[in-house]
2 protein chains.
Amino acid sequence: MAGSDRGSGTSTPRKRADARRNEATLLAAAAAAFLAAGVDAPVRDIAARAGVGVGTIYRHFPTRADLIVAVYRHQVQACAEAAPTLLATSGTPHAALTAWIDLFVDFLATKHGLAEALNSDSAAFETLHGYFLDHLVPACAHLLDAAAEAGEIRPDTNAEELLFAVGNLCAGRAPHYDARRMVGLLVAGLRLR
Amino acid sequence: MAGSDRGSGTSTPRKRADARRNEATLLAAAAAAFLAAGVDAPVRDIAARAGVGVGTIYRHFPTRADLIVAVYRHQVQACAEAAPTLLATSGTPHAALTAWIDLFVDFLATKHGLAEALNSDSAAFETLHGYFLDHLVPACAHLLDAAAEAGEIRPDTNAEELLFAVGNLCAGRAPHYDARRMVGLLVAGLRLR
DNA sequence: GGAATATACGGAACGATGTTCCGTTTGCCA
DNA sequence: TGGCAAACGGAACATCGTTCCGTATATTCC
C-alpha cells in the first residue's frame with residue numbers, strides 16, 4: 001500500500017522523476033476539474049489545469065476510467081471499509097445496510113456524472129465499473145448476508161444488481177427528485193413483510 | 001386533434017407540400033435510426049436515411065427532443081390511456097399500478113438511450129422531459145391515488161418522482177442487471193407493511 | 001563532468017458529431 | 001406564367017476524444 005516502486009512480480013524500473021511529479025499534478029488537476037465540471041470534464045481542461053499537454057494525460061491514464069478510479073480510489077476504499085464497522089455498531093443488520101447505502105449515495109451524489117459513467121455500458125468505462133464492483137460488492141454482500149440471515153430481507157438479493165440500481169437512481173437530477181428517498185424506497189422493497 | 005392547419009389563435013398559413021412530405025419522411029427515418037442505433041443516432045445518419053440535408057432536420061425539429069417526442073408520441077399516449085383501463089380491470093389498485101409500470105418499463109426498455117435522455121438534466125432535453133411528464137404523470141398519479149385510497153401504499157408518494165426513478169432504473173444496462181426486477185423492488189417499497 | 005540512451009513531453013493533426021448559415025431551388029398564388 | 005416567400009442542401013464552424021511523432025530531458029555509464 002505504501003510502496004511505490006514495485007510492480008507485480010517483475011521489478012518495474014521505477015519511473016522518471018518528472019513523470020511521477022506529473023502524475024501527482026494530474027491527479028490534483030483532475031480532482032479540481034471533476035469538482036467544477038463533473039467527471040466528464042474535457043481532457044483539454046484537465047491538461048490545462050495541470051499545465052501539461054493532452055498526450056501526458058493519456059500516457060498516465062489511458063482511459064478516463066483510469067483517471068476517475070485514481071481520483072476516487074481512497075473514498076471508495078473508505079466506503080468499503082465502513083461496512084463491517086457499521087454492522088458492528090448498528091442495532092440491526094438492516095439498519096447497517098441502510099446506513100451504508102446512505103454513505104454510498106452521499107458519495108455518488110457529490111460527484112456529477114459519476115453515477116452516469118458507472119452505469120454506462122461503454123467499453124471505455126469497463127475499468128471503472130470493475131473497480132467499483134470489486135471493492136463495493138463484497139462490502140454490500142456482507143451486509144446483505146447478515147440481514148438475510150437475520151430474516152429481515154429476502155435472501156435472494158444480488159449485491160451487484162442492487163448497487164447498480166442504486167447507482168442508476170443517483171444518476172440524473174431533476175427539480176423535485178430526491179435520489180435518497182428513492183433509494184430508501186428500493187431498500188424498503190427488500191424487506192420481508 | 002385531427003386538424004392540421006391551425007396554429008394557436010392566429011391562423012398558421014399551412015405548410016408547403018414538400019415540407020409536409022419531408023416531415024413525414026423524417027419521422028420514419030428517425031424511427032428507423034432510433035431502432036438501429038438508439039435515440040442518440042447521429043443527425044447525419046437520420047438525414048441520410050431520409051435523403052435530406054441536415055438543415056432540414058433542424059428546421060422541422062429544432063432539438064433532438066422534438067424529434068424524439070414526435071417519434072414516440074403515439075406510444076406515450078397509448079401508455080397514458082392504458083392507466084384507467086388497467087384500474088378498471090385489475091383486482092386491486094396496486095395490481096393496476098404494477099401492471100401499468102410494467103408497461104412503461106417495457107416501453108423504455110425497448111428504446112436504447114431513451115431513459116438516459118429522459119433523465120438528462122441537459123437543457124436540450126427539457127422538452128422531452130416535459131412531454132413525458134405532462135402525459136404520464138397524471139396517469140400514474142391516478143393509479144397512485146387509487147392505491148393510496150385503498151390503503152395499499154403510503155399516501156405521500158409523488159408520481160413525478162416515482163416515474164423519474166423508474167426511468168433511472170431503466171437507464172443503463174449490465175450483464176446481471178434486470179431493470180424490471182429493480183423496478184419491482186421499488187414499487188414493493190411503496191407498500192404499507 | 002560529459003555524452004548516450006531511453007523515457008517522457010507537448011501539441012498539432014485527425015475523425016466524429018452537433019449546429020449554424022446562406023446561396024439555391026421550388027411550391028404556391030395571383 | 002411570373003414573382004416571391006418558403007424550404008432545401010450541405011459547406012463551414014466549433015467542440016471533443018484520441019493518436020502520433022519530433023523534441024526535450026532525466027538517468028546512466030564512462
Side-chain angles (χ1 to χ4, degrees), chain A residues 4-5 7 10-27 29-30 33-34 36-68 112-113 116-117 120 122-128, chain B residues 4-5 7 10-27 29-30 33-34 36-68 112-113 116-117 120 122-128:
Chain A
S4 61
D5 57 334
T10 71
S11 66
T12 314
R14 174 132 144 274
K15 284 196 296 192
R16 258 168 58 170
D18 55 348
R20 261 173 298 154
R21 203 179 328 131
N22 272 334
E23 188 170 322
T25 307
L26 233 20
L27 232 36
F34 289 173
V39 300
D40 294 317
V43 183
R44 284 170 179 75
D45 283 5
I46 304 175
R49 278 177 192 267
V52 305
V54 288
T56 302
I57 292 194
Y58 282 97
R59 197 168 312 107
H60 286 282
F61 307 98
T63 82
R64 181 177 291 269
D66 295 314
L67 188 51
I68 296 175
H112 285 189
E116 289 86 338
S120 151
S122 159
F125 288 116
E126 203 175 304
T127 301
L128 184 65
Chain B
S4 59
D5 57 333
T10 71
S11 67
T12 313
R14 170 128 146 275
K15 283 196 296 191
R16 258 167 55 168
D18 55 347
R20 259 174 300 152
R21 202 180 328 132
N22 272 334
E23 188 170 323
T25 308
L26 233 17
L27 232 37
F34 289 173
V39 299
D40 293 318
V43 183
R44 283 170 179 74
D45 283 6
I46 303 174
R49 278 176 191 268
V52 305
V54 289
T56 301
I57 293 195
Y58 283 96
R59 194 168 314 106
H60 286 282
F61 307 99
T63 81
R64 181 176 292 269
D66 295 314
L67 187 52
I68 297 175
H112 285 189
E116 289 85 338
S120 154
S122 158
F125 289 116
E126 203 174 304
T127 301
L128 184 64

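Computed from a predicted model, the values in this text were never measured in an experiment. Each chain gets a letter, A, B and so on, in the order its sequence line appears, and its residues count up from 1.
- By the side chain to side chain donor-acceptor pair (under 3.5 Å) test, D18(A) pairs with R16(A), sequence neighbours left out.
- Shown here are the salt bridge (charged side-chain N to carboxylate O under 4.0 Å, His left out) partners of E23(B), two or more places apart in sequence or in another chain: K15(B).
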In B/S/- notation (B base, S sugar-phosphate only, - none; protein heavy atoms under 4.0 Å), nucleotides 13-24 of chain C written 5' to 3' is B---SBBB----

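- Whole-Å rounding puts the R21(B) CZ to dA7(D) C1' distance at 11 Å.
- Remark: C1' of dC16(D) and CD1 of I46(A) are 12 Å apart, rounded to the nearest angstrom.
- A search for side chain to side chain contact (heavy atoms under 4.5 Å, CB included) contacts involving A50(B) returns T25(B), L26(B), A29(B), V52(B), not counting sequence neighbours.
- Distances shown here put every side-chain N or O of H60(B) at or beyond 4.0 Å from the OP1 or OP2 atom of dA7(D).
- The nearest whole Å value for the distance from the CD1 atom in I57(B) to the C1' atom in dA7(D) is 15 Å.
- With sequence neighbours excluded, the residues satisfying side chain to side chain donor-acceptor pair (under 3.5 Å) with D66(A) are T63(A).
- Considering only residues two or more places apart in sequence or on other chains, R21(B) meets the side chain to side chain donor-acceptor pair (under 3.5 Å) condition with none of them.
- Atoms CG and CZ, from D40(A) and R64(A) in turn, are 6.0 Å apart once rounded to the nearest 0.5 Å.
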Below 3.5 Å is the cut-off: list the nitrogen or oxygen pairs between protein and nucleotides 4-6 of chain D, distance only.
residue : atom : partner : partner atom : Å
dA6(D)  : N3   : R16(B)  : NH1          : 2.5

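- For S120(A), the side chain to side chain contact (heavy atoms under 4.5 Å, CB included) test picks out S122(A), F125(A), with sequence neighbours left out.
- Rounding to whole angstrom units, CG of residue L26(B) and C1' of dC8(D) are separated by 12 Å.
- Contact check, N22(A) against dA8(C): no side-chain N or O comes under 4.0 Å of OP1 or OP2.
- With sequence neighbours excluded, no residue forms a side chain to side chain donor-acceptor pair (under 3.5 Å) with D45(A).
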